Amino acid sequence: MATETSIVMYGTPWCGDCRRARKVFEQTQTPFDYVDIEQDDEARAYVEQVNNGNQSVPTIIFPDGSVLVEPSSAALIAKIEVMRA
């Protein structure tokens, strides 16, 4: 579902890890698209496919096709820095 130039974060409004990841994107001024899997059945199915049947959020898809699931802030920042290099 991610395009070649966008980061897509799949999450839910009540997820603390999702709020933290959004804050990291905002603090690093990294644009991303947010998809609420509670409102989008296709997105929920995609997240389950990527996570062996689990609705693990945030699931973040990067333009290079890599995926981070429930990353720590440090891991997410490191990935953003690699993308910008």
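Computed from a predicted model, the values in this text were never measured in an experiment.
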- Item | Heavy-atom closest pair, residues Val35 and Ala43 | CG1-CB, 3.4 Å
- Query: What is the distance from atom CD1 of Ile37 to atom OG1 of Thr59, rounded to the nearest 0.5 Å?
  - Reply: 7.5 Å
- Query: Is there side-chain contact between Ser6 and Pro63, with at least one heavy-atom pair below 4.5 Å?
  - Reply: no
- Kindly state each residue pair satisfying side chain to side chain donor-acceptor pair (under 3.5 Å) with at least one member in residues 73-85, sequence neighbours excluded. Arg20-Ser73, Thr30-Arg84, Asp64-Lys79, Ser66-Lys79
- Separation between OH of Tyr10 and CD1 of Ile61, rounded to the nearest 0.5 Å: 6.0 Å
- Taking a hydrophobic cluster as the set of Ile, Leu, Val, Met, Phe, Trp and Tyr residues connected by side-chain heavy atoms closer than 4.5 Å, whether directly or through intermediates, do Val8 and Val67 fall within one such cluster? yes
- Note on the structure: When every non-hydrogen atom of Pro58 is compared with those of Cys15, the smallest separation belongs to CD-SG, 4.2 Å
- Heavy-atom closest contact (Glu70 atom, Ser56 atom, distance): OE2-CB, 3.8 Å
- Note on the structure: Smallest heavy-atom separation, Phe25 atom then Met9 atom, equals CE1-SD, 4.1 Å
- Item | Partner residues of Asn54 under the side chain to side chain donor-acceptor pair (under 3.5 Å) criterion, sequence neighbours left out | none
- Should Leu76 and Leu68 be marked as a side chain to side chain contact (heavy atoms under 4.5 Å, CB included) after you check the CA-CA gap, both sets of side-chain angles, and the distance that decides it? CA-CA 8 Å; Leu76 184 52; Leu68 288 179; 4.2 Å; yes
- Looking only at heavy atoms, what is the nearest atom pair of Tyr34 and Gly11, with distance? OH-C, 3.4 Å
- Is there a donor-acceptor contact under 3.5 Å linking the side chains of Thr12 and Asp36? no
- Message: What I'd like to find out is whether the side chain of Asp17 reaches to under 4.5 Å of the side chain of Val57, using heavy atoms alone.
- Response: no
- Message: So Ile60 and Phe32, do their side chains get closer than 4.5 Å, heavy atoms only?
- Response: no
- Task: Flag yes if Met83 and Val24 sit in one hydrophobic cluster, no otherwise; membership is Ile, Leu, Val, Met, Phe, Trp, Tyr, and two members link when side-chain heavy atoms are under 4.5 Å apart.
- Result: yes
